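Below: the structure, in structure tokens.
If you're wondering where the values come from, they're calculated on a predicted model, not measured in any experiment. Each chain gets a letter, A, B and so on, in the order its sequence line appears, and its residues count up from 1.
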Protein chains: 2
Amino acid sequence: MSKTTASDALRGSGRVSAETKARVLAAAAALGYVPNGSARHLRRASTGTIGLHVPEVLTRSVYYMAFVFGVVQGAADNDYDVTLITSGRRTPRVDGLVLGDPMADDPLVARLMSAGLPTVTCERFPGAGQADGVVLSQHAETVGALMDHLSASGASRPALIVAGDASDWAAAVHGGFRDWCARHGMEPQVRTVPFDAPADEVRRAARELLALRPEIDALVCGPAGAAAGIGPLLREEGRTPGRDLLLASCVDSQAMQLADPPITSIDLRPREAGVRCAELLFDLLAGRARPGAERVHPIELIVRDSTRRA
Amino acid sequence: MSKTTASDALRGSGRVSAETKARVLAAAAALGYVPNGSARHLRRASTGTIGLHVPEVLTRSVYYMAFVFGVVQGAADNDYDVTLITSGRRTPRVDGLVLGDPMADDPLVARLMSAGLPTVTCERFPGAGQADGVVLSQHAETVGALMDHLSASGASRPALIVAGDASDWAAAVHGGFRDWCARHGMEPQVRTVPFDAPADEVRRAARELLALRPEIDALVCGPAGAAAGIGPLLREEGRTPGRDLLLASCVDSQAMQLADPPITSIDLRPREAGVRCAELLFDLLAGRARPGAERVHPIELIVRDSTRRA
DNA sequence: CTGTGGTGCCGGAACGTTCCGGCATGTCGG
DNA sequence: CCGACATGCCGGAACGTTCCGGCACCACAG
């Protein structure tokens with residue numbers, strides 16, 4: 001019984017008789033044999049691991065956490081591990097990278113994008129160069145659908161609070177809003193805040209916007225979770241969210257469901273997005289997809305009382 | 001120039017003259033040499049990686065996301081990678097494990113706890129056996145402090161909504177509440193919900209509790225984020241949170257800050273907790289800590305308007 | 001009987017690093 | 001001048017796996 005035969009039997013490669021194979025498997029099980037990953041990876045010149053980076057923005061944490069779990073699931077399905085990459089560390093030894101919402105001004109993202117590794121981004125990279133694979137959603141179109149809905153509910157002076165254009169997602173939301181307004185002959189009111197703006201900053205932005213333009217009758221919030229803080233603000237100012245001012249969020253979360261009234265928002269299906277990113281990366285690694293591949297990940301508008309004007 | 005000399009120079013081990021060392025470093029930098037992790041780990045019989053598991057509960061996502069980033073930071077400081085472990089995968093090849101809030105009834109946690117790897121848990125494992133290291137916080141005591149504060153604000157009929165005792169944290173909150181009530185001669189009103197209860201379930205629990213016991217004048221919420229959904233509920237029922245019913249949460253988050261009124265809560269400092277878990281694990285791996293070590297991680301009560309009865 | 005091809009198994013080399021022991025050379029005290 | 005010891009460098013083995021080529025055997029056609 002040579003190591004070669006054992007190896008072949010365990011991996012199902014080479015030429016091994018059924019009987020020998022059964023004996024090897026039985027022995028391996030009895031001895032509790034576990035192949036040594038380092039040795040295997042050394043020999044195969046692969047690491048069995050992919051790297052994952054997401055912006056370290058706690059205000060979007062529900063979204064990113066679900067995304068991370070999705071990537072891990074997709075990797076596990078392909079017998080791969082996932083290691084998290086945060087700033088500081090030297091470029092890690094991985095076979096490929098998944099970058100969630102890569103931001104143009106993130107130096108770590110820039111380094112990872114130019115590391116020469118097969119890379120998939122969730123949303124396009126707004127900086128120089130493009131990843132080998134991109135999973136993207138139709139944010140602009142869905143914001144358009146949201147606007148159609150707000151318009152149907154009677155809004156004619158919509159405003160948007162959105163993160164600056166450092167992320168592709170924010171840019172798409174921004175662009176979708178402006179396009180829709182242009183197509184419908186409405187003047188777009190837009191206020192930008194930092195990507196990681198804490199909610200009270202968003203709240204302050206909303207207050208200023210409404211003071212400046214009291215005629216606004218619908219407010220769309222980009223930053224996740226922030227819309228939840230706006231209802232109370234509106235009431236303070238004597239407005240009734242859902243009646244004289246429609247309120248919507250571009251990122252669904254439990255907070256939107258729980259707000260008073262519950263807030264219409266866009267469900268980005270982050271977990272599925274993560275799975276799709278991993279799948280695309282493995283398709284690239286296996287040659288099943290060509291560099292430059294783009295895949296669309298569906299998202300969904302969820303209408304709630306905050307825009308029903310019931 | 002032999003490989004041995006190069007290796008010694010790069011790692012600072014062995015006997016190498018300063019001049020040779022400088023030449024080696026220069027050459028390595030010029031060639032862009034990166035040591036091969038698989039080969040190194042094969043030789044050293046270590047993986048350079050620790051595994052991290054957290055309950056896959058999106059309602060606590062802000063907490064766990066911060067915790068995860070903390071662990072990654074602590075690992076990076078020790079030149080280690082972190083791979084995420086979720087169900088399904090065979091026991092991964094790692095040098096140690098960090099388990100966040102291990103639950104007694106999680107089969108994956110049971111498997112990991114008995115994998116024979118150096119293990120650190122954040123909070124004790126409520127099942128059989130104990131990890132080699134535990135990072136824990138004084139939840140019961142802090143809940144006591146919260147109760148002192150509620151009592152000082154005039155509450156005399158407190159109630160608690162908390163997850164069942166599957167997690168050590170929930171058990172500590174529960175126990176701390178009951179102890180305080182016993183010490184102060186008050187009847188403890190407790191309602192338990194599942195650990196991963198969605199917020200509307202918590203809301204329903206609160207509604208039933210208040211219908212059953214209208215005399216309740218202070219409500220403490222265990223599940224993260226859930227308290228935010230309770231304010232609107234109270235208003236619906238004609239109560240005013242912060243005045244005729246004090247409201248507090250055992251887990252701080254942005255939602256607590258943003259709620260109307262802002263909700264008094266306990267800041268669990270999850271990121272620091274993650275860093276401490278990683279540190280303890282590396283101390284164990286390096287023999288700087290003995291198996292059985294326990295370290296206390298400080299948490300903090302944050303008082304806001306929901307309990308000020310201003 | 002010979003050549004051809006398939007099957008089952010195996011030995012040895014290779015992946016890139018680290019570690020052990022050893023060989024020169026130099027220094028210094030006796 | 002000789003032994004003892006330190007310094008600088010190196011060769012070879014080892015970690016556990018996978019892969020390439022080869023050997024022995026058998027079946028079968030010509």
Side-chain angles (χ1 to χ4, degrees), chain A residues 1-51 78-81 83 89-96 115-118 285-287, chain B residues 1-49 78-81 83 89-96 115-117 282 285-287:
Chain A
M1 178 58 54
S2 83
K3 54 196 164 68
T4 305
T5 307
S7 173
D8 285 344
L10 288 168
R11 292 175 308 125
S13 69
R15 291 181 302 219
V16 189
S17 72
E19 189 211 356
T20 310
K21 179 167 177 176
R23 264 192 308 140
V24 169
L25 291 182
L31 299 174
Y33 167 80
V34 178
N36 180 308
S38 300
R40 169 172 292 178
H41 297 139
L42 172 60
R43 181 66 239 237
R44 293 202 195 163
S46 88
T47 66
T49 304
I50 61 174
N78 288 269
D79 247 336
Y80 260 73
D81 287 324
T83 101
R89 204 98 157 64
R90 72 214 178 300
T91 310
R93 300 217 36 107
V94 294
D95 294 343
L117 288 166
L285 286 172
Chain B
M1 177 58 53
S2 83
K3 53 196 167 65
T4 305
T5 308
S7 174
D8 285 345
L10 288 168
R11 292 176 306 125
S13 69
R15 292 179 302 216
V16 190
S17 72
E19 189 211 356
T20 311
K21 180 168 178 176
R23 265 192 308 140
V24 169
L25 291 181
L31 298 174
Y33 167 81
V34 178
N36 180 309
S38 300
R40 168 172 294 181
H41 297 140
L42 172 60
R43 183 65 240 242
R44 293 198 193 163
S46 89
T47 66
T49 304
N78 288 269
D79 248 334
Y80 261 72
D81 286 325
T83 102
R89 203 99 158 63
R90 70 213 178 299
T91 309
R93 297 214 41 102
V94 294
D95 294 343
L117 288 166
F282 293 117
L285 286 172

Using a 4.0 Å heavy-atom cut-off, does [X] contact any base of the nucleic acid, only the sugar-phosphate backbone, or nothing at all?
{"X": "Thr20(A)", "value": "sugar-phosphate"}
{"X": "Ser38(B)", "value": "nothing"}
{"X": "Ser17(A)", "value": "sugar-phosphate"}
{"X": "Arg15(A)", "value": "base"}

(message) Treating Asp81(A) as the side-chain partner and Thr49(A) as the backbone partner, does any N or O pair qualify as donor plus acceptor under 3.5 Å?
(response) no
(request) Say whether, by atom type as modelled, one donor and one acceptor occur between the side chain of Asp95(A) and the main chain of Ile50(A) under 3.5 angstrom. (result) no
Taking all non-hydrogen atoms of both residues, which atom of [X] and which atom of [Y] are closest, and how far apart?
{"X": "Pro35(A)", "Y": "Arg40(A)", "answer": "CB-NH2, 3.5 Å"}
{"X": "Ser38(B)", "Y": "His41(A)", "answer": "OG-CB, 3.4 Å"}
{"X": "Val94(A)", "Y": "Thr47(A)", "answer": "CA-OG1, 3.4 Å"}

(message) Using heavy-atom distances to pick each residue's nearest nucleotide on DNA chain D, tell me which of Arg23(B) and Arg44(B) is more 5'.
(response) Arg23(B)
(request) Give the first and the last nucleotide of DNA chain D, reading 5' to 3', that has any atom under 4.0 Å from a heavy atom of chain A. (result) dG16(D) to dG22(D)
(request) Classify the side-chain pair Ser13(A)/Arg11(A) by whether it contains a donor and acceptor separated by less than 3.5 Å. (result) yes
When the side chains of residues 15-34 of chain A are checked against the rest of the protein, which donor-acceptor pairs come out under 3.5 Å, sequence neighbours left out?
{"from": "Ser17(A)", "atom 1": "OG", "to": "Thr20(A)", "atom 2": "N", "distance (Å)": "3.2"}
{"from": "Ser17(A)", "atom 1": "OG", "to": "Thr20(A)", "atom 2": "OG1", "distance (Å)": "2.7"}

(request) Hey, could you give me the OH/CG distance between Tyr80(B) and Leu285(B), rounded to the nearest 0.5 Å? (result) 5.5 Å
(request) Tell me which of Arg43(A) and Gly37(B) sits closer to the 5' end of DNA chain C, going by the nucleotide each one is nearest to. (result) Arg43(A)
(request) Please figure out whether Ala39(A) or Thr4(B) has its closest DNA chain C nucleotide nearer the 5' end. (result) Ala39(A)
(request) Strictly below 4.0 Å, heavy-atom distances to any atom of DNA chain C: list the hits from residues 24-33 of chain B, or just say none. (result) Tyr33(B)
